[in-house]
Amino acid sequence: MIVLFTDFGLADPYVGQMHTVLSRETPNIPVINLLHTVPDFDIRAGAYLLPALAADYPRSTVFVGVIDPGVGGDRAAVMMKADCRWYVGPDNGLFHIIARRAQRKDVWMINWRPERLSTSFHGRDLFAPIAAKLARGDWPDCVPAELTQPSGDWPDDLPAVVYIDHYGNVITGLRASTLARHAALIVGGRRLRFAEVFTAVPVGEPFWYENSNGLVEIATNRASAAKLLRVAVGDQVTISQS
């Protein structure tokens, strides 16, 4: 299968245009919309979300990842095979955490170009066709490469907000397995304790828990944690082990 992971949103035609290419090139291969509301232009947020969301997909799945504010510039186009799954997209850090955590990875720079390549929509014109080729078992023109190392702070686990869902649940870049259950999180000036489930705390009380994808998530029983705590994507989370 082919899985799409972008910051395109669903109000514009871009996702549909990628589906059009994939339907033409691979009509018998399912295409899954994993997430199209990665925070706009936020490569680092996408890099920490993708490993958690990709973990449940079968071997040989082809992920098309497009959070690409540098489209049309000098960043390379890459494809990577990491632990038997494929990743296709820009070489801008989006696949950095996947690569770091993989037991085995191989990376290629994509030399293949279509006859029509817009300067602003490589998701449709370059990455979708490459994903179709890989899903069919075709090998595009490419050369072995290494991913470009992103600048800035990219820890193994990111103590910051990387996504807020429509309920107002606040997802961090921390794997819950790295945190003891007695640890507290300090967010928005509040000290939050762990709870297993929403109903373990009173209505309106914020807490942290391990979400269904293994990440530390901050929630409020029947309310928006983001609004209550006044947090936004990119805000830091402080861990207190005492």
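- Residues Val107 and Glu146 form no side-chain contact, since every pair of their non-hydrogen atoms from C-beta on lies 4.5 Å or further apart.
- Considering CG of Asp141 and CE of Met109, their distance stands at 9.5 Å, rounded to 0.5 Å.
- More than 12 heavy atoms of other shown residues, nucleotides or ligands fall within 6.0 angstrom of atom CZ in Phe198.
- By the 4.0 Å N-to-carboxylate-O rule, Glu210 lies close enough to Arg181 to be salt-bridged with it.
- Inter-residue side-chain proximity for Leu147 and Val78 is flagged as met; some heavy-atom pair is nearer than 4.5 Å.
- In this structure a side-chain-to-backbone donor-acceptor pair under 3.5 Å is missing from Trp154 to Gln149.
- Here the side chains of Ile97 and Arg100 are in contact, with some heavy-atom distance below 4.5 Å.
- A 4.5 Å side-chain heavy-atom check between Pro150 and Arg44 finds every atom pair outside the cut-off.
- The closest donor-acceptor contact from the side chain of Asp91 to the backbone of Thr148 lies under 3.5 Å.
- No donor-acceptor pair under 3.5 Å is formed between the side chain of Asp12 and the backbone N or O of Tyr14.
- Around atom CZ of Arg230, no more than 12 heavy atoms belonging to other residues, nucleotides or ligands sit under 6.0 Å away.
- Environment of CD in Gln236: crowded, with over 12 heavy atoms of neighbouring residues, nucleotides or ligands closer than 6.0 Å.
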message = side-chain contact (heavy atoms from CB on, under 4.5 Å) for Val187 and Trp208? Distances and angles first, verdict last.
response = CA-CA 10 Å; Val187 185; Trp208 75 266; over 6 Å; no
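- Considering CG of Asp157 and CD1 of Ile239, their distance stands at 8.0 Å, rounded to 0.5 Å.
- Checking each of Ile67, Val233, Ile164, Val162 against Pro39 for a side chain to side chain contact (heavy atoms under 4.5 Å, CB included) leaves exactly one that passes, namely Val233.
- For the atom pair Asp125 CG and Met18 CE, the distance stands at 10.0 Å (nearest 0.5 Å).
- A distance of 7.0 Å separates OG of Ser240 from CZ of Arg193, quoted to the nearest 0.5 Å.
- Remark: Met80 CE to Trp86 CH2 distance equals 10.5 Å, nearest 0.5 Å.
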message = Run the side-chain hydrogen bond (donor to acceptor under 3.5 Å, both in side chains) test on Tyr209 and Glu196 for me, step by step, so that the C-alpha distance in whole Å, both residues' side-chain angles and the decisive distance to 0.1 Å come before the verdict.
response = CA-CA 6 Å; Tyr209 76 111; Glu196 287 282 355; over 6 Å; no
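- Within the 3.5 Å criterion, the main-chain N or O of Gln103 finds a donor-acceptor partner in the side chain of Asp83.
- At least one side-chain heavy atom of Tyr87 sits less than 4.5 Å from a side-chain heavy atom of Leu50.
- For Ser23 (side chain) and Thr20 (main-chain N/O), no donor-acceptor pair under 3.5 Å exists by modelled atom type.
- No side-chain heavy atom of His122 sits less than 4.5 Å from a side-chain heavy atom of Val66.
- A salt bridge links Asp106 with Arg104: at least one charged nitrogen is closer than 4.0 Å to a carboxylate oxygen.
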Check against side-chain contact (heavy atoms from CB on, under 4.5 Å), Ile2 and Leu4 = CA-CA 7 Å; Ile2 298 171; Leu4 305 182; 4.3 Å; yes
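- Between the side chain of Asn213 and the backbone N or O of Leu215 there is no donor-acceptor pair closer than 3.5 Å.
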Output a table of donor-acceptor pairs, distance under 3.5 Å, between side-chain atoms of residues 131-138 and any protein atom two or more places apart or on a different chain; print 'none' if there are none.
{"unit_1": "Arg136", "atom_1": "NE", "unit_2": "Asp138", "atom_2": "OD2", "d": "2.9"}
{"unit_1": "Arg136", "atom_1": "NH1", "unit_2": "Glu25", "atom_2": "O", "d": "3.2"}
{"unit_1": "Arg136", "atom_1": "NH1", "unit_2": "Glu25", "atom_2": "OE1", "d": "3.4"}
{"unit_1": "Arg136", "atom_1": "NH2", "unit_2": "Asp138", "atom_2": "OD2", "d": "2.9"}

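- Counting heavy atoms from C-beta outward, Pro129 and Val21 have side chains that approach closer than 4.5 Å.
- A salt bridge between Asp156 and Arg175 is absent, with no side-chain N of the basic residue lying under 4.0 Å from a carboxylate O of the acidic one.
- Between Arg124 and Arg116 there is a side-chain heavy-atom pair separated by less than 4.5 Å.
- Rounded to the nearest 0.5 angstrom, Leu174 CG and Leu185 CG are separated by 7.5 Å.
- Shown are Phe95, Tyr57, Phe5, Phe127; of these, the ring-ring contact (aromatic ring centres under 6.0 Å, His included) with Phe63 is made only by Tyr57.
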key: Full working for side-chain hydrogen bond (donor to acceptor under 3.5 Å, both in side chains) between Thr172 and Tyr48   = CA-CA 9 Å; Thr172 75; Tyr48 283 90; over 6 Å; no
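- In the hydrophobic clustering of this structure, Leu228 does not group with Val203; members are Ile, Leu, Val, Met, Phe, Trp, Tyr whose side-chain heavy atoms approach within less than 4.5 Å, directly or through other members.
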